[in-house]
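Working notes, structure below.
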2 protein chains.
Amino acid sequence: MEDICSDIFQENRSSIKIKKKRIGVKNLSNIFEATLKLSNKKGFKTMSLRDLCKETGLSMGALYSYFKNKDELLNIIQQKGRLMVEKVLRENIEDINDSKKKLETAIYSHLYLSEIMQPWFFFSYMETRHFHKDEHKKGIESELYTEQIFIDILEQGKKENIFFVENTVLTASVIKAMLQDWYLKHGKYIRRKIKVEEYASFIVKLILAYIAANPLNK
Amino acid sequence: MEDICSDIFQENRSSIKIKKKRIGVKNLSNIFEATLKLSNKKGFKTMSLRDLCKETGLSMGALYSYFKNKDELLNIIQQKGRLMVEKVLRENIEDINDSKKKLETAIYSHLYLSEIMQPWFFFSYMETRHFHKDEHKKGIESELYTEQIFIDILEQGKKENIFFVENTVLTASVIKAMLQDWYLKHGKYIRRKIKVEEYASFIVKLILAYIAANPLNK
DNA sequence: GTCTATAGTGCGATAGAC
DNA sequence: GTCTATCGCACTATAGAC
């Protein structure tokens with residue numbers, strides 16, 4: 001979190017009116033956390049900047065030193081979250097050659113990441129449709145990007161005769177749906193004391209039962 | 001739709017100021033459709049009653065003849081949608097004894113219903129967390145109600161030694177997640193020309209591959 | 001670097017004409 | 001049964017004091 005906010009501070013130095021790095025990074029971190037918390041409770045549009053003042057302990061004027069308007073606040077949060085997700089997923093799977101191992105790793109990585117960054121994932125899923133043109137498009141592309149990762153892995157396994165899957169696109173879609181359920185209904189899973197490891201291992205077993213069973217052996 | 005609006009008109013006669021049934025039902029139907037359309041685009045809270053005026057062609061005064069405030073409009077929509085869903089699901093599966101057939105029917109029924117009532121399902125999923133206390137609670141209960149249907153079917157099949165499933169709750173959770181993906185990302189599936197029949201048959205195959213394979217035979 | 005005060009906009013809701 | 005006009009309130013964003 002510290003690292004991310006430090007990056008954001010550097011990159012958006014032009015639009016951020018704060019000069020001292022220590023104060024800037026601390027307040028940015030505070031603002032992001034508060035924004036995700038409030039938005040996930042009542043929606044980004046419904047969250048007023050006065051709510052954000054109360055939650056952060058900053059005044060209206062101080063907030064506007066960190067972003068030039070409410071929409072820019074949203075853009076910064078989105079931009080940074082997306083970069084983080086794509087980087088982690090790519091790095092975790094790029095060196096794996098074995099299809100089955102790669103599929104497992106992709107599922108585990110996505111779930112662990114969304115466990116750590118749950119508020120951001122939830123925010124992103126729920127708010128994307130409210131974004132204006134450009135951010136809206138990027139949100140959908142980001143979703144398709146991770147879906148494509150799964151399509152590619154399934155296609156690779158299919159070529160190697162390890163996976164037996166009729167429709168890779170549809171299979172990737174439902175894998176994505178199950179991964180998303182983890183952060184969308186996070187409260188439900190916590191209440192039921194289901195840990196992320198258990199959920200991940202379950203998803204892998206379910207998918208492998210479907211694609212790893214050679215129909216010719218039946 | 002006509003039938004539902006007719007029912008709503010009868011039940012809420014006290015708070016609806018309109019006397020003539022024909023006009024009342026026609027306008028109610030118009031208002032509901034417009035509310036779902038606008039809310040699903042920008043969120044219920046963000047949709048102003050002035051937006052609703054434009055979309056329905058009615059004036060502010062006219063709108064307020066059909067509900068006493070914005071929250072009541074939401075409650076009426078939710079109440080009726082929930083009743084509809086629970087009724088249809090129950091009626092479709094209650095007379096089926098065969099576990100496998102029952103599971104299939106439940107999946108197909110839910111998907112076909114959410115295909116017809118897609119705007120309502122989407123609305124309900126996205127807005128539940130913004131509801132006040134009582135409606136919020138009912139929304140969550142409704143979600144758990146359909147999940148419980150699947151838990152019960154899985155438990156029944158387990159007892160009969162037809163299904164081999166370790167964790168029925170977790171299995172029901174992901175079934176629900178996949179059913180929800182159909183109406184949450186409806187646009188994506190339409191763009192990819194995936195029909196509801198294909199999706200339903202895919203989900204059934206995927207789940208059966210996991211639970212219908214007796215591990216003792218392996 | 002952060003504050004308070006306020007301008008300007010748009011909201012939900014109602015009253016009263018037609 | 002539907003309309004227009006209007007009220008009071010909360011919002012984003014900014015200007016200027018400290």
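Every chain is numbered from 1, with letters handed out A, B, ... down the list of sequences.
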Just by distance, no angles: are the side chains of [X] and [Y] close enough, under 3.5 Å, to form a donor-acceptor pair?
{"X": "Glu127(A)", "Y": "Ser39(A)", "value": "no"}
{"X": "Glu143(B)", "Y": "Gln180(B)", "value": "yes"}
{"X": "Asp181(A)", "Y": "Tyr189(A)", "value": "yes"}
{"X": "Gln156(B)", "Y": "Asp152(B)", "value": "no"}

Hey, could you give me the CG/NZ distance between Leu74(B) and Lys70(B), rounded to the nearest 0.5 Å?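 Those atoms lie 9.0 Å apart.
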Under 4.0 Å, counting only non-hydrogen atoms across every strand here, what does [X] touch: a base, just sugar-phosphate, or nothing?
{"X": "Ser48(B)", "result": "sugar-phosphate"}
{"X": "Asn27(A)", "result": "sugar-phosphate"}
{"X": "Tyr66(B)", "result": "sugar-phosphate"}

Range on DNA chain C touched by chain B - first to last nucleotide, heavy-atom distance under 4.0 Å: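 On DNA chain C, the outermost contacted nucleotides are dC11(C) to dT14(C).
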Find which nucleotide of DNA chain D each of Met60(B) and Lys45(A) is nearest to by heavy atoms, and output the residue with the more 5' nucleotide.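 By nearest-heavy-atom nucleotide position, the 5'-most residue is Met60(B).
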If you pin Met47(A) and Arg50(B) to their nearest nucleotides in DNA chain D, which one's is more 5'?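 Final value for this comparison: Arg50(B).
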Between Ser142(A) and Lys138(A) (side chain of the first, backbone of the second, donor and acceptor by atom type, cut-off under 3.5 Å), is there such a pair?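 Answer holds: no.
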Closest heavy-atom contact between Gly24(A) and Phe9(A)?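 Shortest heavy-atom contact: CA-CE1, 3.8 Å.
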Mind calculating the distance between NZ (Lys70(A)) and P (dT14(D)) to the nearest angstrom?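 From Lys70(A) NZ to dT14(D) P: 15 Å.
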Pairs where residues 19-28 of chain B contributes a residue and the test side-chain hydrogen bond (donor to acceptor under 3.5 Å, both in side chains) is met, not counting sequence neighbours: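 Output for this query lists Ser6(B)-Lys21(B), Asn27(B)-Tyr66(B).
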Annotated structure of DNA chain D as dot-bracket, pair cut-off 3.5 Å, Watson-Crick or G-U only, | for inter-strand, is ||||||||||||||||||
